[in-house]
Structures are given as structure tokens and as C-alpha cells.
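One-based numbering, in listed order, for ligands and for the atoms of each. None of the values given here were measured: they were computed from a predicted structure.
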Amino acid sequence: MLDAARALRANELTAVDLWAQCKRRADVDALVSRAFVGDRASVDAHARRGLADARASDARREGGASSEGSGGTASAVDGVPFAAKDNLCASVGTTTAGSAVLRGYRSPVEASAIARLRERGGVLLGKTNMDEFGMGSHTRGVESLGGTTTNPISWKGARSSGGSSGGSAACVANGSAFYALGSDTGGSVRLPAAYCGTVGLKPTYGRVSRFGLVAYCSSLDTVGVLARTVRDAGVVLAAMQGEDALDSTTVPRCEALDALAAAFEREAFDADAPFDADTDADAPLRGVRVGVPEEYAVAELTQEVYDAWDATARLMESLGAEITRVSTPRARDALACYYVLAPAEASSNLARYDGIRYGDLTPVMSREEFLNAGDFQSAVAKARTLGFGLETRRRVAVGAFALSSERAAEYFEKAQIVRRLISNDFDRVFRGPDAVDVLLTPTSASTAPRLEDVEALSPAQTYAADVMTTPASLAGAPAMSIPVGRSRVTGLPIGAQLIAPRFREASLVRIGAHVERRASYSTAAASVSALDARGEAATARRDELVALISSEGVAVDDVIAANKELSRLEPVVEAYARVASLRAERASLETLIRDGDEDIADLAREELREIEARIPDAELTLQTLFLPRDDADDRGAILEVRAGAGGDEAALFASDLFRMYSLHARKRGWRFDVLNVSETEGRGVREASAEVLGDGAFGRLKFESGVHRVQRVPETETQGRVHTSTASVAVLPHAEEVDMDVRDEDVRVDTMRASGAGGQHVNTTNSAVRLTHVPTGIQVVIQDERSQHKNKAKAFSVLKSRLYDRERSKLAKERAELRSSLIGTGDRSERIRTYNFAQGRVKDHRLDGAASTTADVKALMDGFALDEFTEALMKKRTEELLSLSTMDSK
Ligand code: GLN
């Protein structure tokens, strides 16, 4: 954020530029990690207001004015885009806190935290995804509201972005916001920060106003910051902090934090004014005492997290800090204590949601249903059952139990006592002659887990993710997660947590800023957007493969596999190299501007503008290569062609199409094995299918699915009239053995005589095979081979493909909004192409302009010109996936 503020100051970029850049990345992110939430209207409302705010910021700068910042300097947040978790009320768009009960809810107020940033010129981009009401550690949202936000740093396989502020962490990590607000009740800012490789700062309880924050556990809730650097987080916290008449638990400003933030700003604007100029450059942490609490070395800690923790302690020591072992014995009880207190307060806070006030429940429960529910109590109970997700209902039940008059003494009151003891633990280590300034612990026991592994956990196992973060929450102490390393195996970030005494954010942030400056991940944290991490990973992998291929005694199969992977990696490596070289150019121009004389600086400024303008496009190209690939694209395909409306002529056309695909396959070097042809009396076919095997066959042929229409004078037509007939094509991904398990008892096998019109397919034995998959009713008939045995094997292969396709369509439906942008999937009844032989041209109805028509019908029917359509369709699909904002950015 400070980098962006510096660029604004130097007139290198405008606030509108920054906003547009974030917006483009957010649009791509909508298809990748899905950090942002809100329906179209809400997203647009934020876009309109954000853009207006950015313009106003530019106008202020142009007029020489600047909004008042912390410590009297120009506010660094002015003009810089940020995002906010969806449990912070905004006065435009919706605020749902991730709950169906709040669907469509429009807040009449703006949360104080957001309002203060906007007052200082901050530009709100939109709202981010979260676990319902903040209850969770993985940002697995309600599917219809935001779904799950996946970790943007994980390259292979879907991993948790952490929770509950996972959307805020993801948008910071992938560069679609310069910083984001989150809420932290038991770790919800720190955990996602650790998983996504950002900084996550949770302030002292009372430091930032909770006004406008949807309440979860009021005595623990705090508003925190997710940022790319500790400095950014400190500056944002300074801009938000302070008393608020609307929240009686707030405390006066911390002046030391304001002063530190001002020093960070001065440093950003003037390279000669380091924030720590008054400390010993070699030992900036001299005099700082760091406590390492042994209770955090739990059995679940992975080796790599332990190593990173240890390395951070040694790093701090090398900076002059004194490291001591300390003990906070009650930390072990924090988790149990938290999971009594948080649900208890939640059950009371959530009592206000009754299906009448706040959001719109009608999508799940109609007005009539509500009114007809009998008495009022059961209507509300039903609304709450439908409006709350499973975890929320579980917590309300647990909380009500813990608070019930019979059980309160045993649970709620006991937990209050334990909370006091935990707080005393912290007081003890932070006071007295042996007092430490900060505690250093891991933020989480492991790096981001796979989402599929998370799904398999019990609720209690899920709660264990918060074991490192809940103690500071219960003590009300400020704590911060800083990225300090990466897993050598997965490349995923590892976070370390610093905890300071209550109200000592200034010391916490100052120490953190020194650590980040030296930690291996720290510089990366500023620039390691997800894109870079992936680009780097791809480059490293390329080098590895190149080395493998040229190594001695390498097996032929390995070379083939490596080449295959390389051909997929090369475009990524190239695109990344281009981004990197533009950035390097930018950096050297910036140096020229700073150090060169005026004339040179002027020239450099001009050139810089040009380079800056090219960077987003280069990044976008790279981003495109990371778009979710259909994992079936590389497979072979099952092709099915059927005659449609138009009698014999349709059968002739079906036969022509089938021939076209077989010739096309030959041209591309694919194998084309006919599975089944049922012929008509003439030259036509009623139905024909084939297995097309070869690299990427499905990825290219899938665009052929749909209805093909022909307009020509049939051979049988004596009057010379043009007829219109159709044939339909279905292309299924080929299912290999691994994909679908078809149980024998589910399949009925019938054998019969092959049918046909007297051609070579007629025989007198029962060689034709019909399979019926009983659970789904799918039938497959294969009669092409002479042996029943072979036909049966082929039939099974087709059946598996059909089942696999069914499974995929089901999945596709779940990802409906994503899929709606894909061409020709799902709806096979749509008319996709017209072959007008009469006029000698073929038009593809999904394409526009010149690309949509070919005049070379013969080349097409002979399988040669199909690639032109395929490529145009592939390009169009990519563009649709990127579906860049329709909003004009100027
Ligand atoms: N995972 C914790 C919970 O589910 C953290 C919540 C939070 O900090 N909002 O309660």
C-alpha cells in the first residue's frame, strides 16, 4: 500500500489507475480463488462508488490538497484501493456476513472502520468472502453467496485460504486489493494471513471501533488488517484506531502508533528517511526481549513450521534481541475455553435473526410458508433452521446449552474463570523483572491444508486449527502473523505470530517491521502476488525438467512425459519472463527518476508511463494461462453423431459429419476407432459413434457438441429444392479405467443380432451387445465388431464415458455461474453451426465477424478447415472466462 501511495505522490499513477488494476485482477480472481462476494447489483454499486472515490482522490491531488493523515503527514491511504470482509457494514451494496439469513441485506450505516478509511481517502473495492458469521477456519461460504475461497498461492489442488477472513487474505495475496479489513475473534485474521502469505494484524480489543461489525462474540470481536507488509498494516491500523462514540469499548488513540505510521510514510516517500534511523542498523532489536512459550510446541506442529519458528527466533537474536523461554501454562486450555465462550455469546447475538427483520429469506422460505407455519415460534424456528448453516446452528445449540441455567455454572462460568487465568498468564510474562516485550509463536500448526482433507474433519478437529491464536484473543492482546518462510515441499507460506501486551501495537508493529525486513519471505510478501509465486514455480519446474532430459541414463518414457509437461509450461515461463522484464525496466526507470538530472528524469517519466501501461496486459496474459483448465481437455473423446430432423437427408448429413471428424482426426494424428454405425437404407447413418484417442482430443472436439444444420439440395430431390435438415453431435470426455467404477451388478447385458441395411455389419450370430446401466437407465448398443466379446468391451468403455460425463455435468451445474460463460457445454440442443451448401458457406453461430464463416465447405468437410473454428472458439472461451469488467475504467 505504501508503494502505491508513493506512486500516487510521484504522479506516476492515478488513483483511478490503481482502482482499475485491482478491478481487473478481481475479475480474474472471480474465476480462480473467488475472494469477493456480492450479487451483480452489489458489485456494481461498489464499483460506482469506488471509482467516484478514486476520481475524487485524484482531483484532490491535482488541486494540491490532501486529506489529513496520521501524525499530520499526507494520508497514505488516500487513493489506495482496499477490500472489506462481508461482516463489516457498507452503506452501499449488501452485507451478509456469509449467511443466507442476511441475503440481500442492505445496511443503513457504514462500519466505523470503513468510514474512517474512506474519510482519509481510502477507496473501497468491495466485500470479501467469509465463513458464516465468522464461524470457521477455511472460508467455506454458503454456496449461493460466495462458495469457498481457495488459496491463491496453492498451485496444485484446492487448498484452504484459512478463515474466517479467507476472502480478505486471498485478495491481498493475489494482488486484487492493496490491503483488506477482516475480523478476528479467535484467529480469523491471523490464520488466513499465515495460509496465504500475507501479514495479519489483530489489534487490542477496543483499539478499533466495532460499530457496524456484525456481532459474533462481542467480548472477543476485533477488526483487523490483512496487508502485504507489516508497515502497511501499521499505517492502516493507525488510520482506523481511536475512540468512537458509537462503540463504548473503544480506547483513545495510541500516539506511539501514529508516530510510527508517520515514520513509515516518510520512509516510503523519501528513501533517505528510514523509519528506524535512530536504531543501530546492525542490531535494531537490541534491548528487545522475546519470549518463546514452550506450550506452543504442540505435537501437531509440522516439522517445517517448527523449523520456521526456530529460524525466526534465531533471526531476531541476530538482530540483537534477547530470546528467553517462557511458560504460559494455561494456553493449553484456551481452545476449550474459547469454544464455550464464543458459541455462548453467538447464541445470544444471533437471536436477532428471526427471518422477519434484516435479510431476505424468501429464496429458501416463501412468505406463505412463513405465515402458514402455525404459531409464531415455529415460524421463526423454521426460518432459523433454513437461514442458518449447519455450523451456525451447531454453535447456537452449544451456546444455548452452555448458558442454560442448569449448565451455566459448569460451562459458561467456568470458562470465564479460565479466560481470566489465561489473561493472567500473559500479564505474568509481560510484567515484572523478567518481562518480555513480545511472544513469538507459530500462527498455525501446519501450512494451508487441502480442502478435501478439511472436509473429512470432525467439528472438533476443525476447531483445533485455532490452537495457536485463541490465547491472545482471550487475553485481548494484540497479535500479528508475519510470513517468515515457505514449505520446501509445497511452496506454501508459513507464518509466525508475535503477541504483545495489551495496547502495545506500536511496539508489536515496530518489531514486526524489523523481522519482515530480514525474513526470507518478507520482501517477497510485498511482491509475491499469487501470480509471481506461480510464475516462479513454473520456471523452477521448467529448469528441473530441462535438466532431467539432458541427464545421463534417463529413461525414454520419462523424456516423453517431461516433454509433454514442458510444452504446457513453456508459455507460462515465457509470459512470466515478460512480466518480470517489464518490471525490471520499471525499476531502473524509477531509479533514473530518483537519481538522474531533471531532463533525464522527464524522459524516464514518459517512458515509465508507457511501461506501466503495458504491465497489466502482460500480467493478464500470464493470468490467462492459469485459468482453471478443464481437466478433461487432455483426454481422448467419445464422439456420437445422430441424424436429426429431415429423414434420409439428415442421415446423409450425419454420415458426412462423421466422415469429416474421421478425416480431421487423421489430420491431427489422433486414432479414430469406430464403435458403432447404424446405417439407413441409403448411404446415410442413423447413429454413429467413435473413440477418438490422442492428445487434447476432447479439449478441441468438445466445441462440436450441439445441433448442426444443413441447407442443400438432397441427392434424392428431383425438383432442385433446398432442404433443411439437422444432425446432433455429442462429444464426451473419454473415461479411463481410473475414473468410473461401474459395478457389474448395476449393468444388464443383452446380446442380439446386429442390425443393418444389408451391408457388412450384418451377421447371423448374436454379436451385438446392449448394456443397460440400471441406476441411471443409460443404454449403450455396440455392434461394430464381429465378436461379441469385443463389442462388450467397447460398450463398457462408452458406458463409462457417459457416466463420467453425467458426473461432470452434475459438477458443472454446481459451478453454474462459471459454466454459463463456457461455450456449448451443458445444452446440447442449441444450434451451433449451419452448413449452407447452396450458398457455399458454413457459419458458426457462436462466433462473430469474419471468424464465424468459412467459404471453403469442401476443405471443412474433408476435415481440413475445422481447426479455424476450433481455435476461434477456444479464444472466445478464454475471453469469456476472463470476462473483463463491463465498467469503463476511465
Ligand atoms: N475459527 C474460529 C471460530 O470458528 C475463529 C473465528 C474468528 O476469529 N472469527 O470461531
Distance (rounded to the nearest 0.5 Å) between Met480 CE and Leu508 CG: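 Interatomic distance, Met480 CE to Leu508 CG, rounded to 0.5 Å: 4.0 Å.
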
Heavy-atom neighbours of Arg330 CZ exceed 12 at 6.0 Å: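 Incorrect, the count does not exceed 12.
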
Arg394, CZ: over 12 other non-hydrogen atoms inside 6.0 angstrom: yes

Checking Arg116 against Asp244 for the side chain to side chain contact (heavy atoms under 4.5 Å, CB included) test, could you report, in this order, the C-alpha distance in whole Å, the side-chain angles of both residues, the deciding distance, and whether it holds? CA-CA 10 Å; Arg116 287 194 175 181; Asp244 181 5; 3.8 Å; yes

For ligand 1, list all ligand N or O to protein N or O distances below 3.5 Å, rounded to 0.1 Å.
residue  : atom   : partner : partner atom : Å
ligand 1 : 1 (N)  : Gly136  : O            : 3.1
ligand 1 : 1 (N)  : Ser137  : OG           : 2.9
ligand 1 : 1 (N)  : Tyr339  : OH           : 3.4
ligand 1 : 1 (N)  : Asp466  : OD1          : 3.3
ligand 1 : 1 (N)  : Asp466  : OD2          : 2.7
ligand 1 : 4 (O)  : Gly136  : N            : 2.8
ligand 1 : 4 (O)  : Tyr339  : OH           : 3.3
ligand 1 : 4 (O)  : Arg395  : NH1          : 3.3
ligand 1 : 4 (O)  : Arg395  : NH2          : 2.8
ligand 1 : 8 (O)  : Thr185  : N            : 2.8
ligand 1 : 8 (O)  : Gly186  : N            : 2.6
ligand 1 : 8 (O)  : Gly187  : N            : 3.3
ligand 1 : 8 (O)  : Ser188  : N            : 3.0
ligand 1 : 8 (O)  : Ser188  : OG           : 2.6
ligand 1 : 9 (N)  : Gly134  : O            : 3.0
ligand 1 : 9 (N)  : Thr185  : OG1          : 3.4
ligand 1 : 9 (N)  : Ser188  : OG           : 2.7
ligand 1 : 10 (O) : Tyr216  : OH           : 2.6
ligand 1 : 10 (O) : Tyr338  : OH           : 2.7
ligand 1 : 10 (O) : Arg395  : NH1          : 3.0

Does any pair with a residue in residues 160-196 pass ring pair (Phe, Tyr, Trp, His ring centres under 6.0 Å), and if so which ones, sequence neighbours excluded?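 Every ring pair (Phe, Tyr, Trp, His ring centres under 6.0 Å) pair that includes a residue of residues 160-196, provided the two are not neighbours, is Phe82-Tyr179.
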
Could you tell me how the ring of Tyr339 sits relative to the ring of Tyr463: parallel (under 30°), tilted (30 to 60°) or perpendicular (over 60°)? parallel

